[in-house]
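Notes to accompany the following structure.
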Amino acid sequence: MKAVITFIFLLALSACSAKPDKPANPFSKEEQEQYVNTLSLYLQADSSLIAERNRFFQLLLKHMDAEETDSAYYMENIAHVDSVIHKAIGLVERGNADDLLSLLEKERNNIYAHPCNTIDNEIALHNMLIQLYNKTYKENTDEYYSKIIDLAEYSKLHILGLLDNEQYIPYYIHNQTSLVGLYMCANRHADAIKTGKELCEFTKDKDNGIHIRCVLLLGSLYKELNMTEQQDSCINSVKHLPEFKAIYDDYMKQ
């Protein structure tokens, strides 16, 4: 799963240098299969999943400072999203990229409220959206990053709601690392540094190796922004750790 998460955000960050030319036919056969498979993940709800995910969705709304929704809305939304997904699959099969993206953007919050919107399914959906953004916003870098950052920020909230379970720690680390890179690409330097600091604080008592890498990431941000004093302070905070030299040497080779 780490590889899946990393792939998603590497795909987004690759646009820092270039984005592919828009083909005459917007979807390859492989893309069509991927998109249909991703959308079909949202057609697999059963009664136990519906009950479990309704409780989690209400918890997530509290993280977002949003109003709770009642059970009637939740059940009605399941039927609504089922209809949306079938329509989206039809647009994929017809190769209608513009209408597909418009539909998914319009219905994104309703899809998030669907019981099948587990973090794994959400990551797959975001991967699909990023690929559609690559096709649509080739000439508008600001809009491109704004949209992808919005996806990553929502996933951050979703993951925060899951963090009482240890297995979701890697999700959070990958998400935060990706957000740092996206913020830098979007020239949102203050947000990049804030997120880098959050990442360092989160990993401080978990694993020395991971923590050192996160500190080096933050240090590289300070270096890029010519904040030498902060960079030195950052690196000095982990220099005493026994793993530092090997990790630092490896980091500098990259």
Donor-acceptor pair between N109 and Y154 side chains, under 3.5 angstrom: no

CD (Q44) with more than 12 external heavy atoms under 6.0 Å: yes

Is the distance between the ring centroids of H174 and Y168 less than 6.0 Å? no

Hey, does L157 have a side-chain heavy atom less than 4.5 Å from the side chain of E153? no

Would you call E198 and K204 a salt bridge, taking side-chain N to carboxylate O under 4.0 Å as the test? no

Distance alone, cut at 3.5 Å: any donor-acceptor contact between the side chains of Y42 and N117? yes

Of the non-hydrogen atoms in L39 and I85, which two are nearest, and what is the gap between them? O-CG2, 3.2 Å

Going by distance alone, is a donor N or O of one side chain under 3.5 Å from an acceptor N or O of the other, for E33 and N37? no

Can you confirm if the NZ or CZ of K206 lies within 45° of the ring axis of F202 and under 6.0 Å from the centre of its six-membered ring? yes

State whether the number of non-hydrogen atoms from other residues, nucleotides or ligands found under 6.0 Å of E166 atom CD is greater than 12. no

Quick one, I193 and Y222 - any side-chain contact, counting heavy atoms below 4.5 Å? yes

Answer with yes or no whether the side chains of Y144 and N134 bring together a donor and an acceptor at under 3.5 Å. yes

Side-chain heavy-atom pair H114, I78 within 4.5 angstrom cut-off: yes

Testing the 3.5 Å rule here: is there a donor-acceptor pair between the side chains of E105 and Y133? yes

H189 side chain to E224 side chain, donor-acceptor N/O pair below 3.5 angstrom: no

Within the structure provided, determine whether M75 and I50 are in side-chain contact (heavy-atom separation under 4.5 Å). yes

Before giving the answer on side chain to side chain contact (heavy atoms under 4.5 Å, CB included), spell out for T38 and H126 the whole-Å C-alpha distance, their side-chain angles and the decisive distance to 0.1 Å. CA-CA 10 Å; T38 296; H126 285 180; over 6 Å; no

Working for side chain to side chain contact (heavy atoms under 4.5 Å, CB included), residues K223 and T228: CA-CA 6 Å; K223 181 179 180 180; T228 308; over 6 Å; no

Counting heavy atoms not belonging to Y248, are there more than 12 under 6.0 Å from its OH? no

State plainly whether the residues E143 and K147 are in salt-bridge range, i.e. N to O under 4.0 Å. yes

Less than 4.0 angstrom from a charged side-chain N to a carboxylate O is my criterion; do R108 and E122 meet it? no

Chi angles and distances behind the side chain to side chain contact (heavy atoms under 4.5 Å, CB included) call for Y251, S220: CA-CA 10 Å; Y251 190 86; S220 70; 3.6 Å; yes

Residue pair Q231 / G219: nearest heavy atoms and the distance that separates them: CG-O, 3.5 Å

Short question: side chain of N236, backbone of D232 - any donor-acceptor pair under 3.5 Å? yes

